[in-house]
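Contents: one structure, followed by commentary.
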Amino acid sequence: MLKTIKRMASMLGVKAQYDGASTKRRMAGKGNTITGPNGPIERSLPMLQARSHNAIRNNAYARKAKEAYVANLVGTGIKPQWGNDEIQQLWDRWVNECDADGVDNFYGLQALAAGAQFEAGEALGRVRYRRVSDGLAVPMQLQVIEAEHLDPAYSRAFDGRLIRMGIEFDGIGQRRAYHLWRHHPHEKLTSEMNTRVAVPASNIIHMYRRTRSGQLRGVPELTSVIVRLYEIDEMQDATLARQKLANLFGAFVKRKTDHEPEDDGPFFGTQVSMPGEGGEEMDELTPGGIHYLEDDEDVTFSDPPDIGANYNEWLRTELLAVAAGAGITYEQLTGDLKGVNYSSIRAGLLEFRRRAEALQAHLLVHQWCRRIAAQWLDVAVTSGALSIPDYWQRRASYLAIDWIAPKWAWVDPLKEVTADLMEVRAGFKPRSEAAGERGWSLDQLDAEIQKGNTSADKHKLVLDSDPRITAKNGSLQAALEALVAATEEEENS
């Protein structure tokens, strides 16, 4: 029956309903293998990570893409507002001593983790509990380790448990442990020193961007453009080599074999290549040289195709694709602002910042900061660093934290501030949202304003920026000054 249907379809010229599902010449060999979310990662992750590391070490565009990614997602740090002064003060003390390696503060570790996620596809943080006697504000530290500690080839099933790509799951699919190499597997250590350690999943923060349901590991952000980056390097090298070869072309002089050129002295500014007494062959070109050929000798150069005047446009097109694959704008990748105006760059930045805000919320805050803060507060209470009698009954309310990202800087801040002012005054935007866009919580902003007003009143300052006293045009300030002058004149008289 099936053969009959196929034969009838062939006779009637029936085609696939979707051209993308065709197996004809046009689509032959293009994504014909159906895979799950983890199979390709399991096979390809080590090589992708190695090539991504190498590209960021040696390719200026790859390095710039990583720096732009980290600077915009983290900046000076995504900071929590706890809503409790005692907790906030303890956190502010701990952030400077949280690094198990003793190098960074908490916000430096955020940048390190974001960079690792961009470069290797994922970042791992291990919570290290310390003794109370160690003298830390809270006896807990964080160690950021590279993704290579988690071997994607380590998969097995035993005793009703499943280990997939180094992650151990229990019977209901919950993460139970991470099997990590004790030392980095690519450092020069003996095999006896490097062993796997099963670390409880509650002590590991695993941050990666999941693009398919069921995906267990992340891939480098440069994965879709890694080939293009290497080809750009090769093209630039080939162009440079062609130019260097062109610089070798000086002059070729043909002469009779039995005729010796007269010695008219040295050629200034050039190098003369003369044949030896034994008729040695010319096997080297020197830049700007004059080379003598015998009457039966000739020089032939290859003429490979040259992209010529199209090179700049080709490079720009390739870099546009690289920027799209890396998730940043072309201007951020290259620093090329030719032909850019306020409207065009703002439109590009708005699109990029929507993506950056999504990554801040779903990746850095939800997967990284939120879990660390929850464990930190638990340890602070259980160790006695904080005394909160109703903590375990109201734990969720204490962990309702506002994470404030650094404010965005705009090309024309006057236009943005004016627009925000109009929206707030019209009631289209709350002050809390405007404050949050500038890296403040509303309580913190109001506290700082009150602090400034108190200081101004103490020193008897009347500032044009103080809306309690002056209008926008400063008219009330002038009236007050006139009143003060009149009062002084009356007292003196």
Quick one: list whatever passes side-chain contact (heavy atoms from CB on, under 4.5 Å) with Val424, sequence neighbours left out.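 With neighbours one apart ignored, the set is Lys429, Arg431, Ala434.
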Considering residues at least two apart in sequence or located in another chain, which fulfil the side-chain contact (heavy atoms from CB on, under 4.5 Å) criterion with Thr317?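 By the side-chain contact (heavy atoms from CB on, under 4.5 Å) rule, Thr317 matches Glu313.
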Selection residues 205-232 - residue pairs positive for salt bridge (charged side-chain N to carboxylate O under 4.0 Å, His left out), sequence neighbours left out: Glu122-Arg217, Arg209-Glu221, Glu221-Arg355, Arg228-Glu318
Sequence neighbours left out, what pairs pass ring pair (Phe, Tyr, Trp, His ring centres under 6.0 Å) with at least one residue falling in [range]?
{"range": "residues 150-175", "answer": "Tyr154-His179"}
{"range": "residues 116-146", "answer": "Tyr69-Phe118"}
{"range": "residues 215-234", "answer": "none"}

State whether [X] and [Y] are salt-bridged, where the test is any N-O pair (Lys NZ or Arg NE/NH1/NH2 against Asp/Glu carboxylate O) under 4.0 Å.
{"X": "Asp390", "Y": "Arg394", "result": "yes"}
{"X": "Arg63", "Y": "Glu67", "result": "yes"}
{"X": "Arg354", "Y": "Glu357", "result": "no"}

For Trp392, which residues count as a side chain to side chain donor-acceptor pair (under 3.5 Å) partner, sequence neighbours excluded? none
ring-ring contact (aromatic ring centres under 6.0 Å, His included) with [X]: which residues, sequence neighbours excluded?
{"X": "Phe352", "result": "none"}
{"X": "His183", "result": "none"}
{"X": "Tyr61", "result": "none"}
{"X": "Tyr208", "result": "His206"}

What donor-acceptor contacts under 3.5 angstrom involve side-chain atoms of residues 70-82, with partners at least two apart or in another chain?
residue: Asn72; atom: ND2; partner: Ala68; partner atom: O; Å: 2.8
residue: Gln81; atom: NE2; partner: Gln444; partner atom: OE1; Å: 3.3

